[in-house]
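Both ligands and their constituent atoms are indexed starting at 1 by order of listing.
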Amino acid sequence: MHNYLDVKKMNRVGGNAVPPPTGTVRSKRGPQMDEPTATPLAQVKGVYARLADRVAIGRRRLGRPLTFAEKVLLAHLHDPERELPQRGQGYADFEPDRVALQDALAQIVALQFMIAGLGEVRVPTTIHCDHLIQAQVAAAADLDAALDANSEVYDFLRTFAASYGIGFWKPGSGIIHQVVLENYAFPGGMIIGTDSHTPNAGGLGMVAVGVGGGDAIDVMTGQSFNLRWPTLIGVRLTGSLSGWASPKDVILTVAGRLTVAGGTGAIVEYFGPGCETITATGKATICNMGAEIGATTSLFPFDPKTAAYLRATRREEVADAADAVAGDLRADPEVDGDPERFFDQIIEIDLSRLEPMINGPDSPDLAHPVSEVGSWARHNGVPTRISSALVGSCTNSSYEDITRAASIARDASAHGLRARCQLLVTPGSEQVRATIERDGLLADLEAIGATVLANACGPCIGQWQRSDVESTALNTIVNSYNRNFPMRNDGRATTKAFVTSPDVVVAFALAGTLDFDPTSDTVTSDSGVAVRLHSPVGEDLPARGFDRGEFGFVMPPEDRSRIEVVVSPTSERLQRLAPFPPWNGADFVGLPVLLKAKGKCTTDHISAAGRWLRYRGHLENISANLFLGVINAFTGDAGAGRDPLDGQVRPFPDIAAHLSNAGVPWCAVGDENYGEGSSREHAAMEPRYRGGVAILARSFARIHETNLKKQGILPLTFSDPRTYDLIEEEDRISVLDLAALAPERPVPCQITKSDGSQVAFECRHTFSAEQIEWFIAGSALNVIARQQR
Ligand code: MIC
Ligand code: SF4
């Protein structure tokens, strides 16, 4: 076989077997078009060529000026002359410019794509190997270990990418969102990615939406991306950041105000004079963490700082093209003067008055000014002593972030200070790693005791093999990531995680305690000297330019005929999928309630990551984690309940398997914002695989609700949220009149109590007419496969 496929030789970033980029879009017009990893200039120009027309159509049809988000949405509408849906209500079809897949989800996307029956992707697509690398020792050792442990999966993804015309970023090349920002994002573009933090690219002015694999498959197979037309939250920024305040504090503040569900169904559009004061990567940080308030995406207007970042990342021509249409890469001028007319909700933030913030533990919206978190922790039984401090992740791992963190480290070193707890640093990409190494910034951090991890997700997604604290010890960590649900980082419910800026992470590492306000307190060195840390200083872009480091990209070859995508039938990591069966036309009568979830039920509760990432390509094996983190509303316990078939108490995944083997369909009940967090569709596929047919909840998170619909499960919202309280352990639920399922039409349901009495109630759903076909066919994929035949 062609050595292109020899994954052992190839996967290591820096391996020398990368074939010449034969499929590259080449041009004689300048250096950028020889860049195998850039979005082709022709594609960018294509979007800009229609932008003015689309904006004119939008202004005419809406009879008013437009916000920037509206312009980008219009520029990507499949048919701009069709009726424009009501914000927050109707659905529209979009044509995104690009799809990005991360390895943990790409596996199930690939397995599904392979049964859709297409020869190649219809829209430029890339796969990024970032989630499967564990953080245990340090960068090189961890990467080698990942290559050994995951070679089967990397091999599969690599051959899948090669055979369907997809670009492949090898393990070690960086975290998907950083790599997309550095290479593919462009102002006014639209990207979807199988990861909830895809909105990171909003920092460069892209409408970047996190989706489940089902939506990705639609676009990869040349269909439109169907999205509910978002509502608009405007965040008006004035002033400029100074001292210890950083871009992270903007989103930590917004999250505190809006809460984890406050952005649901909305695009958060930043506007106002403060935007121009924030660097492109700072803007990306803010947009990235918009996922934590449930926003569809967040975005910033194009400005000179965006252009500077494009130029610094070898995209001069994209910057020039954007400059030429700059007026349409931001909101119309009327928006700033009269925002109430344009946005459904407005938040004002004066950057000059922003304090450094820290959010947590257990939820990213629990916001505290850094000056108050110590006393909050003391009053809430959370240790103030910090066991570990972590800088990095897709949220905060830019060159600027590291220069700021390193400036604190240098100051500390000069005073003889060292970190008082473990300090781990994850660069976001190989390009950032190589540049900060060349510029001596890694050495600055290492001098205070930092360990540098692989350019990957690592501790952000439970891939952290800790040995620094006892596995059951209550302990506090601080990190510059975005999410801090229980068990998120190290799989331990006893770890309390706080999210903050990299600057504050480093300051806390030096102090070793949450009881420290870097803006006013001093750290005492071992020799007894009280040191007041300087506020951080950063550089947004490297003066000597970026160093790409080891180039980790593999182009798909032109001749794809001989590539074989191997899925071993005996593999424990990969399993070919069988299509889900179509709906049998009958109502769901007398469904047992597998579980009723109490409180937060994120996708981490439904299908945990960490050690389970191993089975992301094997639906049967990963289904053994189903609902393990969910709190049972009937008992208060996590992950277990009463089996409706024999009354025994068992782990939820065992009950689900038992019901499924017995051919008994079931439902589950959720609270508010069910399925919050990630885009992992395993959280929808596992219940479907185990015979779940409906999830009834007080409300759903957007991506998860779509994932359920795509997999043929009914996500139903109680019309009266109090119905949740009526449901008891032994009840049976009926979902009726399904033959009449129609958009906007409520679904009649019924509870049958154990004494035989019945309680009627009603649910709502968000299925459009086309989406009802998914339910009938058994899944959205079945509809696509049917169309290919
Ligand atoms: C996350 O941050 O939770 C993840 C891991 O990146 C997920 C994706 C996944 O679970 O595969 C996300 O954010 O969508
Ligand atoms: Fe990876 Fe964490 Fe970013 Fe998700 S949030 S993409 S796990 S770094």
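- A salt bridge between Arg433 and Glu437 is present, with a side-chain N of the basic residue lying under 4.0 Å from a carboxylate O of the acidic one.
- When non-hydrogen atoms are compared, ligand 2 lies under 4.0 Å from neither the backbone nor the side chain of Thr395.
- Within the coordination shell of atom 1 (Fe) of ligand 2, defined by N, O or S atoms under 2.8 Å, His197 is absent.
- One finds the CZ atom of Phe498 at 16.0 Å from the OH atom of Tyr481 (value rounded to the nearest 0.5 Å).
- In this structure, Arg488 is part of the shell of residues with a heavy atom less than 4.0 angstrom from ligand 2.
- A salt bridge links Lys710 with Asp218: the distance from a Lys NZ or Arg NE/NH1/NH2 to an Asp or Glu carboxylate oxygen falls below 4.0 Å.
- Under 4.0 Å from ligand 2, not a single heavy atom of Gln102 appears.
- Side chains of Asp130 and Gln102: no donor on one and acceptor on the other come within 3.5 Å.
- Within ligand 2, the atoms closer than 4.0 Å to a non-hydrogen atom of Ile461 are 7 (S), numbered from 1 in the order shown.
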The test is side chain to side chain contact (heavy atoms under 4.5 Å, CB included); show your working for Asp103 and Val153 and say whether it passes.
CA-CA 9 Å; Asp103 53 0; Val153 170; 5.7 Å; no

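- In this structure, the protein non-hydrogen atom closest to atom 3 (Fe) of ligand 2 is Cys394 SG, 2.2 Å.
- Under the 4.0 angstrom criterion for non-hydrogen atoms, Arg483 is not in contact with ligand 2.
- The CG atom of Leu157 sits 9.0 Å away from atom CG of Leu101, with the distance rounded to the nearest 0.5 Å.
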Evaluate the side chain to side chain contact (heavy atoms under 4.5 Å, CB included) criterion for residues Trp612 and Leu628: first the C-alpha distance (whole Å), next the side-chain angles of each, then the deciding distance (0.1 Å), finally the verdict.
CA-CA 11 Å; Trp612 293 97; Leu628 275 181; 4.0 Å; yes

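- Distance alone, capped at 3.5 Å, is enough to place a donor-acceptor pair between the Asn150 side chain and the Leu132 backbone.
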Is there any protein N/O under 3.5 Å from an N/O of ligand 1, and what does the full list of such pairs look like?
unit_1, atom_1, unit_2, atom_2, d
ligand 1, 2 (O), Arg483, NH1, 3.4
ligand 1, 2 (O), Arg488, NH2, 2.7
ligand 1, 3 (O), Arg483, NH1, 2.8
ligand 1, 3 (O), Arg488, NH1, 2.8
ligand 1, 3 (O), Arg488, NH2, 3.2
ligand 1, 3 (O), Arg680, NH2, 3.2
ligand 1, 6 (O), His131, NE2, 2.8
ligand 1, 6 (O), Asp195, OD2, 2.6
ligand 1, 10 (O), Arg616, NH2, 3.0
ligand 1, 10 (O), Ser678, OG, 3.3
ligand 1, 10 (O), Arg680, NE, 2.6
ligand 1, 10 (O), Arg680, NH2, 3.2
ligand 1, 11 (O), Gln102, NE2, 2.8
ligand 1, 11 (O), Arg616, NH1, 2.8
ligand 1, 13 (O), Asp195, OD1, 3.3
ligand 1, 13 (O), Ser196, N, 3.4
ligand 1, 13 (O), Ser196, OG, 2.5
ligand 1, 13 (O), Arg483, NH1, 3.1
ligand 1, 14 (O), Ser196, N, 2.7
ligand 1, 14 (O), Ser196, OG, 3.3
ligand 1, 14 (O), Ser679, N, 2.8
ligand 1, 14 (O), Ser679, OG, 2.9

